Structure formats: C-alpha cells, structure tokens
Amino acid sequence: MTTFADLGVDQDILDALAHKGIVDAFPIQEQTIPLSLPGQDIIGQAKTGTGKTFGFGIPVVQRLGAHPEPGVKALIVVPTRELAVQVYEDMDLLTQGRATSVVAIYGGKAYEGQIEQLQAGAQIVVGTPGRLIDLAGQRLLDLSNATEVVLDEADKMLDLGFLPDIEKIFQKVPTVRHTQLFSATMPGPIVALARRFMSNPIHIRANDPDEGLTQANIRHLVYRAHSLDKDEVIARILQAEGRGKTVIFTRTKRAAQRLVDELSDRGFNAGAVHGDMSQEARERSMAAFKAGKKDVLIATDVAARGIDVDDVTHVINHTIPDDEKTYLHRAGRTGRAGRTGIAVTFVDWEDLHKWALINRALEFGQPDPVETYSSSPHLYSDLSIPAGTKGRIVTAPRREPREPREATSSAPREERTRTRRRTDRPAAGDATSTDAAAAPAADGAAARRRRRRRRGGGGASAAGGETAAQA
DNA sequence: AAAAAAG
C-alpha cells in the first residue's frame with residue numbers, strides 16, 4: 001500500500017492527515033499527486049467515494065508553500081453550497097499545520113463573514129459560481145493571483161447550466177496557472193471542452209476503463225413502482241435490519257418536501273435538503289444527518305454529487321434519475337471508502353425508458369424491473385445488508401390511523417387503497433420492530449406542518465394540479 | 001423539464 005509519505009507529501013500535511021487516521025493513499029491520489037505536485041494539469045477521474053478531494057487538495061496546499069503571502073492564491077469551484085462547506089472542511093484539515101487559511105464563498109449566507117475572511121488574507125477559496133462572481137464583480141474578491149484552479153465535479157461545472165459562469169471565472173484567473181478537473185464522470189465531449197481551460201492536461205482514470213464506473217461494493221436493486229404504494233414500500237425499507245443512514249432522492253423539490261413531511265409523520269427521523277429551503281435549514285439538515293441526529297435524508301439532486309457521509313448504507317431513488325451520470329452520483333452517496341452499500345431505485349411506469357437508458361449505459365444487464373407492492377415479502381428480504389456491515393435496527397411503528405390525506409377528487413381512490421392496505425399490513429410490532437414504547441413520540445410539529453401545507457394556497461393548488469394532470 | 005447557482 002502506498003502512503004502519502006511515499007508520494008512526497010510535506011510532513012505537516014502528513015501530520016494533519018495522520019491526526020484523522022489517514023496514512024495510506026487511494027489509487028487516484030497515488031496516480032495524480034506525484035504529477036500534480038510539480039504542476040501538471042490533471043483531469044482526474046475515479047469512482048465515487050475514492051478520495052478525489054484529497055487528490056486535488058493536497059497538491060493545492062503544498063504548492064502554495066508553507067508561508068504563502070496573504071491573498072487568494074487558489075480557487076476551488078463546486079456545484080452546490082453544501083459541497084462548498086464539505087470541501088472547505090477538507091481543505092481546512094489539510095492546512096492545520098501551516099499558515100494558510102481557507103474560506104468558503106457561497107450564496108444564501110451573509111456576505112459579512114465571507115468578506116472579512118477574504119480581507120484577513122485567506123489564500124484558498126472554495127466556492128459556488130454565483131457568489132464568487134458576485135464578490136469578484138464588487139472587487140471584494142481578487143482572483144488575479146489564483147494560480148491554482150480546481151473544478152470539482154468538473155463535468156457538472158462544464159455543462160450547460162454552469163458553463164457561462166465558469167467561463168467568466170476563468171477570465172478572472174491568471175492564464176499561467178495550474179488547473180485540475182476532477183469527477184467520477186467525464187464524458188468524452190466534456191473532456192474535449194475541458195481542454196480549452198487547461199494546458200496539456202493528462203487524463204488519469206484510476207480504474208480500468210473496461211471495468212466501467214459502477215462501484216463493485218454497491219448492490220443495485222430496481223423495482224417497478226406502484227405509485228400509490230411507494231411511501232409504504234420506502235417505509236418498509238427504512239425498517240430493514242442493518243440499516244445505517246439512508247438518502248432518498250426525489251425529482252422535484254416539492255416531492256422531497258412532501259416525502260419528508262410524510263416520513264416524519266410516520267415517526268422517522270427524517271430531514272430534507274432542497275433548493276426551496278433556507279440555506280440555514282439546508283445546513284441544519286445536513287449537519288443533523290452527518291451527526292446521526294437524523295438517519296434519513298430526503299434530497300433533490302442538490303445532494304447527488306460529492307456529499308460524503310460515511311455511514312450511509314442505503315440510497316433510495318424515489319424517482320429514477322434522468323441519466324446514468326446522475327444515477328451513478330446518487331448511488332455513490334453510499335459505498336464510500338471501501339464500505340458496502342445498497343441502491344434501490346423505483347421506476348414509475350412513465351419512466352421505464354429512463355431505466356432502459358441507465359441499464360444499457362451502465363451495463364447492468366438487468367431484465368425489466370419487477371413490480372413491487374408493500375405486501376411483497378421478497379422486497380423486504382432482499383433488503384438485508386450483507387453480514388458484517390455495521391448498522392442499527394431502526395423502527396418506526398405506526399401511530400394512530402391518520403386522517404384522509406387530501407380533500408381532492410383523487411382522494412376516494414387513494415383512501416380505498418390505503419384502508420385495504422392498513423388491514424392486511426403486519427402489525428406495527430412485527431418481528432423486526434422493537435418495543436413500540438421505545439419509539440419516538442408522535443410529532444405534533446410535523447402534523448401541524450402538514451396541515452398548514454395542505455391549507456396553504458400553494459399546497460392546495462399543487463394537489464389540484466396533480467389531480468388534473470392524472471385525468 | 002428539473003435542479004442548481006446571486007439577491
């Protein structure tokens with residue numbers, strides 16, 4: 001096993017890593033760091049959860065030297081605010097032993113603290129495009145000496161939504177610089193585009209291209225979803241033995257909010273992250289999930305990339321992602337740093353073509369997904385994690401029967417289904433459940449929130465709109 | 001088309 005010391009990493013950085021128990025390098029780090037330290041431009045590609053951040057971060061810190069002058073010398077651009085926070089923390093760790101300071105620059109937060117840290121002379125900036133350009137435009141952020149530039153999740157940063165911003169940012173940094181682009185996914189056309197911003201880059205793939213991009217330690221399960229039953233099936237998965245933390249992805253912000261309210265009502269310890277929440281609430285959710293105060297995170301694709309929480313055992317795609325790249329990144333929230341994980345995907349009837357695309361692109365070679373109901377016993381048994389995996393038994397016994405969900409024209413049909421299911425469903429205290437008395441108390445706040453949502457203009461028109469769309 | 005990213 002190659003250690004970071006073998007790669008020529010400075011002693012103070014080795015000490016900072018060792019303090020966290022990190023001594024050995026992952027393959028991507030082993031392959032890129034020796035090239036990157038002397039200034040080689042790098043396109044670094046490696047599977048999810050295999051150490052890309054330190055792969056680019058260590059050379060950035062080391063190349064600035066032990067005592068860099070005050071002022072921004074390095075810029076790391078990421079696609080989401082939460083990833084900015086996380087990469088900031090990693091960079092902060094690497095700089096523990098030297099006089100280099102790091103600042104996170106992203107939106108949804110007060111300007112004040114960020115500007116103060118810049119004026120105090122921070123040398124490394126980690127940020128999202130909007131706020132970076134905002135501050136640069138106000139002359140509060142000077143990028144003219146940023147000779148180290150990194151695009152994390154580089155293919156995302158170079159796609160249509162971000163490209164104009166990225167072009168603006170590259171205009172503000174020196175032409176002579178060291179540029180690193182990292183991602184698990186690097187489609188050919190994006191690599192070609194990336195070369196515009198780099199000089200003679202080397203494209204390093206830490207894995208054999210024939211091997212594909214899927215993680216061997218992630219088990220993928222796919223089911224045809226029965227839409228009226230999905231919440232129930234997901235609740236069942238959340239009761240599975242051996243489950244650690246779970247991330248559930250939805251296609252829309254509204255679906256994420258609905259699901260977190262629903263699961264909270266059912267007694268699960270769930271939080272959400274999506275773009276309709278305040279930044280403060282987003283960060284609170286993430287922190288609670290990382291700390292284990294919540295063990296279910298419901299998210300839009302804002303959390304699909306980069307987010308590193310080390311004991312996520314399950315990823316559930318409540319809605320199938322649009323393409324194979326998003327699938328790979330979402331699934332990659334589990335199975336990190338050599339651990340095992342399970343990715344469960346529900347495919348709605350109208351999304352079968354998306355599954356066909358992903359199945360082909362990732363060479364899963366799966367047959368068409370089978371339909372599943374909350375009553376299918378095989379689903380439950382399929383969802384036990386292999387022996388040896390650490391995990392907790394989490395239960396969420398059903399509380400009092402709930403009131404009818406919605407007073408819309410779709411209610412009668414849904415009610416019928418629910419009522420029938422409730423009767424043939426196993427009792428709350430079945431074999432996998434612990435004592436109901438140990439369960440969390442009824443969450444009055446959640447119920448109030450749900451009622452408020454239902455009453456609110458947005459919620460009511462939303463329900464009406466969905467009903468109309470079904471007709 | 002949705003989500004993300006400035007306010």
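Any value given below was found using the heavy atoms of this structure, including those in side chains, with hydrogens, waters and symmetry copies removed. Proteins get letters first, then strands, A, B, ... in listed order; numbering begins at 1 in each. Values in this document were obtained by computation on a predicted structure and should not be read as measured data.
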A.B. asks: Counting just side-chain N and O atoms, does A/Thr300 come under 4.0 Å of either OP1 or OP2 of B/dA4?
C.D. replies: yes
A.B. asks: Quick one: list whatever passes ring-ring contact (aromatic ring centres under 6.0 Å, His included) with A/Phe289, sequence neighbours left out.
C.D. replies: none
A.B. asks: Within this structure, what is the CG-to-C1' distance between A/Asp159 and B/dA2, rounded to whole angstrom?
C.D. replies: 12 Å
A.B. asks: Heavy atoms under 4.0 Å, any strand shown: does A/Phe249 hit a base, just sugar-phosphate, or nothing?
C.D. replies: nothing
A.B. asks: Please work out if A/Arg282 contacts a base, only the sugar-phosphate, or nothing of the nucleic acid, heavy-atom cut-off 4.0 Å.
C.D. replies: sugar-phosphate
A.B. asks: Do the two ring centres, one from A/Phe249 and one from A/His318, sit under 6.0 Å apart?
C.D. replies: no
A.B. asks: Measure NZ/A/Lys253 against P/B/dA5 and give the value in whole Å, please.
C.D. replies: 9 Å
A.B. asks: Would A/Asp231 and A/Arg258 pass as an ion pair if we require N to O under 4.0 Å?
C.D. replies: yes
A.B. asks: Between atom CD1 in A/Ile105 and atom P in B/dA6, what is the gap in whole Å?
C.D. replies: 11 Å
A.B. asks: Without decimals, in angstroms, what is the distance between A/His318 NE2 and B/dA2 P?
C.D. replies: 17 Å
A.B. asks: Can you run down the salt bridge (Lys or Arg N to Asp or Glu O under 4.0 Å) pairs that involve residues 40-51 of chain A, sequence neighbours left out, and say none if there aren't any?
C.D. replies: A/Lys47-A/Glu211
A.B. asks: Phosphate oxygens OP1/OP2 of B/dA6: is one of them under 4.0 Å from a side-chain N or O of A/Arg81?
C.D. replies: yes
A.B. asks: In whole angstrom, what separates A/His274's NE2 from B/dA5's P?
C.D. replies: 12 Å
A.B. asks: Using whole Å, report how far CD1 of A/Ile115 lies from P of B/dA6.
C.D. replies: 14 Å
A.B. asks: Applying the side chain to side chain contact (heavy atoms under 4.5 Å, CB included) criterion to A/Ile358, which one of A/Ile320, A/Val222, A/Asn317, A/Asp323 satisfies it?
C.D. replies: A/Ile320
A.B. asks: When the distance from CD1 of A/Ile169 to P of B/dA5 is rounded to whole Å, what number comes out?
C.D. replies: 14 Å
A.B. asks: Report which part of the nucleic acid A/Asp165 touches: base, sugar-phosphate, or nothing (heavy-atom distance under 4.0 Å, all strands).
C.D. replies: nothing
A.B. asks: To the nearest Å, give me how far apart CZ (A/Arg258) and P (B/dA2) are.
C.D. replies: 18 Å
A.B. asks: Does A/Gly107 reach a base, just sugar-phosphate, or nothing at all? Heavy atoms under 4.0 Å.
C.D. replies: sugar-phosphate
A.B. asks: Can you tell which of B/dG7, B/dA2, B/dA5 lies closest to the side chain of A/Thr128?
C.D. replies: B/dA5
A.B. asks: If you look at every strand shown and take non-hydrogen atoms under 4.0 Å, does A/Asp134 touch a base, only sugar-phosphate, or nothing?
C.D. replies: base
A.B. asks: Closest approach to the side chain of A/Tyr111, judged atom by atom: which nucleotide of B/dA6, B/dA2, B/dA4 is it?
C.D. replies: B/dA6
A.B. asks: Taking only the side-chain heavy atoms of A/Thr80 (C-beta and beyond), determine which of B/dA6, B/dA2, B/dA4 contains the nearest atom.
C.D. replies: B/dA4
